[in-house]
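Quick caveat: nothing in here was measured; it's all calculated off a predicted structure.
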Amino acid sequence: GGRPNSDADAQAPPIMLNAAMLRAHFNMPLNDAARKLGVCATAIKKVCRKIGIKQWPHRKLKAVEKRLAILKAEQQYTTEESDRTSTISEIADLEQKRA
């Protein structure tokens, strides 16, 4: 505990976060991503705000993935053409959101 003895002990090399690094970790919760990147969650939040991301997208992506899985399962058992067409278009929309 206590304070470090010298400035050299206190200063870790800075970690430069960019949008590509963050995007690669959107599939995991914020705290897990922070741990993996070696920074605190607050640092990630600050970078996200600077690049225009208001909220960590993990939950939203998870919901999109879940909806996609449901629609793809429904698509296999849909026989009517109108239902099939709407399902295919909704799948395309969700895949666009996910990208």
Side-chain angles (χ1 to χ4, degrees):
R3 295 182 181 201
N5 293 333
S6 69
D7 288 337
D9 292 340
Q11 294 295 319
I15 297 171
M16 301 303 288
L17 295 175
N18 58 37
M21 288 174 76
L22 293 177
R23 195 170 289 116
H25 294 86
F26 281 171
N27 63 332
M28 58 182 69
L30 177 63
N31 289 327
D32 293 349
R35 203 171 305 118
K36 200 160 194 173
L37 290 168
V39 297
C40 66
T42 303
I44 290 181
K45 288 179 191 178
K46 286 181 179 181
V47 172
C48 283
R49 287 186 196 114
K50 282 184 182 178
I51 62 175
I53 299 169
K54 292 180 179 158
Q55 190 172 10
W56 189 250
H58 169 66
R59 282 188 174 188
K60 227 169 223 183
L61 282 174
K62 196 173 171 183
V64 168
E65 294 289 338
K66 186 176 180 180
R67 182 71 181 139
L68 265 173
I70 290 169
L71 286 171
K72 286 181 179 181
E74 278 180 14
Q75 184 183 15
Q76 292 176 350
Y77 301 107
T78 303
T79 56
E80 290 196 33
E81 192 59 36
S82 62
D83 291 342
R84 198 167 182 74
T85 305
S86 67
T87 303
I88 290 170
S89 68
E90 192 173 348
I91 288 172
D93 290 344
L94 287 172
E95 285 178 341
Q96 179 79 27
K97 278 185 182 178
R98 183 176 62 178

Only counting residues at least two apart or in another chain, list the ones meeting side-chain hydrogen bond (donor to acceptor under 3.5 Å, both in side chains) with Arg35.
Asp32
Report the distance from atom CD of Glu95 to atom CG of Leu71, rounding to the nearest 0.5 Å.
10.0 Å
Would a 4.5 Å heavy-atom cut-off, applied to side chains only, mark Leu30 and His58 as touching?
no
Looking only at heavy atoms, what is the nearest atom pair of Ala34 and Cys40, with distance?
CB-C, 3.8 Å
Spacing of NZ belonging to Lys36 relative to NE2 belonging to His25, to within rounding of 0.5 Å:
5.5 Å
In this structure, would Val64 and Ile88 fall into the same cluster of hydrophobic residues linked by side-chain contacts under 4.5 Å?
no
Decide side chain to side chain contact (heavy atoms under 4.5 Å, CB included) for Glu90 and Arg67; before the verdict, give the C-alpha distance in whole Å, the side-chain angles of both, and the deciding distance to 0.1 Å.
CA-CA 10 Å; Glu90 192 173 348; Arg67 182 71 181 139; 3.1 Å; yes
Once you round to the nearest 0.5 Å, how far does CD of Glu65 lie from CG of Leu94?
9.5 Å
Please answer: with hydrophobic residues joined when any side-chain heavy atoms are less than 4.5 Å apart, are Met28 and Phe26 in the same cluster?
no
Atom pair CD/OG1 of Glu80 and Thr85 - distance to nearest 0.5 Å:
10.5 Å
Which pair of heavy atoms, one from Trp56 and one from Pro29, lies closest together, and at what distance?
NE1-C, 3.7 Å
To the nearest 0.5 Å, what is the distance between CD1 on Ile44 and CG on Leu37?
5.0 Å
Please determine whether side chain to side chain contact (heavy atoms under 4.5 Å, CB included) holds for the pair Ile51 and Asn18, giving the CA-CA distance in whole Å, both sets of side-chain angles, and the decisive distance to 0.1 Å.
CA-CA 9 Å; Ile51 62 175; Asn18 58 37; over 6 Å; no
As an exercise, state the distance from NZ of Lys45 to CD of Gln55, rounded to the nearest 0.5 Å.
10.0 Å
